[in-house]
Asker: 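Right, I'll just put the structure down here and ask away after.
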Amino acid sequence: MSATDRRAGPPARSGKAAALGWILTIGLNVVAPIVTYDVLTGDRGWSEFAALLAGGAWPVLDSAIMAAWRRKVDEFAVVTLVFLAITALVSLVGAHTARALLIKDSGVTGLFGLLCLATLLASRPLMFYFGRKFATDGTPESTAWWNGMWRYEGFRSTMRTMTLVWGVAYLAEALTRIALAYALPTDTMVVVSPVMIYGVLGALGVWTAWFGRRRAAEGRRRAAEAEAAAAAA
């Protein structure tokens, strides 16, 4: 049977490595930048731009730790740094009214959507790297298994489809929020905006998990059919 007919299953996950990876990822890429931003802008009187730059030091630390631990640069941390840089740049553009800040938030998610779509032209799309971050425990064995999956056409199609859906969804979300920022009162939009952000993120997360399971089941079914046909022959 050819390599395209049967896929090796993922290696056993290391619970300790996975837990440590998740703690570092969430703590340094999500929690620490948010806390730093809130403390510096609220208690210390820093500007939004300066606070965002300071918060960006945490993903840099995460990248350094992961590079030393796994002896490679983690693409997820690199994307996080790019996202923070985009946020910082957008915060400098235009006026600083409440409505302008809401529109700038939409611009950030819209630029992320464009980033997703742009990586469809690269050798591997953005969701390949996101998937590797969350579907493996970061050990060399699991990373090598995930990288090896790229040789399967179905896997490549799945990653590209996920990236396309995320890119289109975030562009649509950004355009909708910009329109609502002009149509709704600012105090209403302050409530609606985060609901839309986390609502879209949650919906995409649920869809991604469902779509990934469905495509994996289809791959197993095709492999079983091919194996049965080869046995019959």
Side-chain angles (χ1 to χ4, degrees), residues 1-30 59-83 112 115-167 169 201-202 204-231:
M1 182 175 294
S2 67
T4 57
D5 293 329
R6 176 178 293 174
R7 302 182 185 183
R13 293 169 64 91
S14 170
K16 292 182 179 179
L20 181 58
W22 274 99
I23 291 172
L24 287 174
T25 296
I26 296 175
L28 296 179
N29 288 278
V30 180
V60 172
L61 177 61
D62 178 57
S63 298
I65 293 174
M66 291 299 177
W69 179 20
R70 298 171 182 170
R71 297 182 179 179
K72 66 183 295 294
V73 176
D74 184 76
E75 292 86 353
F76 181 85
V78 172
V79 171
T80 301
L81 288 173
V82 171
F83 193 71
F112 178 76
L115 177 63
C116 288
L117 298 179
T119 61
L120 292 173
L121 302 176
S123 59
R124 299 185 183 185
L126 187 59
M127 285 301 116
F128 171 84
Y129 300 106
F130 274 51
R132 189 173 67 187
K133 181 68 176 180
F134 295 107
T136 71
D137 57 12
T139 57
E141 294 78 12
S142 63
T143 300
W145 165 77
W146 184 265
N147 291 341
M149 291 291 289
W150 187 253
R151 68 182 181 272
Y152 300 113
E153 189 281 331
F155 181 81
R156 296 194 298 270
S157 174
T158 298
M159 293 298 104
R160 291 190 176 109
T161 300
M162 287 180 175
T163 304
L164 175 64
V165 170
W166 276 68
L201 178 60
L204 284 172
V206 171
W207 175 84
T208 300
W210 169 81
F211 185 71
R213 287 194 300 268
R214 194 189 76 171
R215 293 302 295 267
E218 290 176 354
R220 290 192 297 268
R221 177 180 55 79
R222 287 193 298 268
E225 292 174 350
E227 185 175 356

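Heads up: numbering here begins at 1 and tracks the sequence. Keep in mind that this is a model prediction, so the values were computed, not measured.
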Asker: Compare all side-chain heavy atoms of Ser157 with those of Arg215 and state whether any distance is below 4.5 angstrom.
Answerer: yes
Asker: Could you tell me which non-hydrogen atom of Leu120 sits nearest to which non-hydrogen atom of Pro125, and how far apart they are?
Answerer: CD2-CB, 4.2 Å
Asker: Check for me whether Arg214 meets the cation-pi criterion with Phe211, that is, NZ or CZ under 6.0 Å from the six-membered ring centre and within 45 degrees of the ring axis.
Answerer: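 Not satisfied by the 6.0 Å and 45° rule.
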Asker: Check Leu126 against Thr163 and note the closest heavy-atom contact, atom names and distance.
Answerer: N-OG1, 3.8 Å
Asker: Between Arg221 and Glu218, is there a salt bridge with N-O shorter than 4.0 Å?
Answerer: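 Salt bridge flag = no for Arg221 with Glu218.
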Asker: Below 4.5 Å, heavy atoms only, C-beta onward: do Met159 and Trp150 meet side chain to side chain?
Answerer: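 Yes, close enough: below the 4.5 Å cut-off.
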Asker: Distance check, rounded to the nearest 0.5 Å: Asn147 atom CG versus Arg132 atom CZ?
Answerer: 4.5 Å
Asker: Between Trp207 and Val165, what is the shortest heavy-atom contact and its length?
Answerer: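 Closest heavy-atom pair between Trp207 and Val165: CH2-CG2, 3.5 Å.
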Asker: Is the Trp146-Phe155 ring centre distance short of 6.0 angstrom?
Answerer: yes
Asker: First locate atom OG1 of Thr119, then atom CZ of Phe128, and finally report the distance between them rounded to the nearest 0.5 Å.
Answerer: 12.0 Å
Asker: Ignoring hydrogens, what is the shortest heavy-atom contact between Arg151 and Arg156? Give both atom names and the distance.
Answerer: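 Closest approach of Arg151 to Arg156: O-NH1, 2.9 Å.
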Asker: Would you call Trp166 and Phe112 a side-chain contact if the rule is heavy atoms closer than 4.5 Å?
Answerer: yes
Asker: How close do Thr208 and Leu204 get, counting heavy atoms only, and between which atoms?
Answerer: OG1-O, 2.7 Å
Asker: Which value, rounded to the nearest 0.5 Å, describes the distance between Glu225 atom CD and Arg220 atom CZ?
Answerer: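 Separation between the atoms: 13.0 Å.
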Asker: For Cys116 and Gly167, work out which heavy atoms get closest and say how close.
Answerer: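 Heavy atoms of Cys116 and Gly167 come nearest at CB-CA, 3.7 Å.
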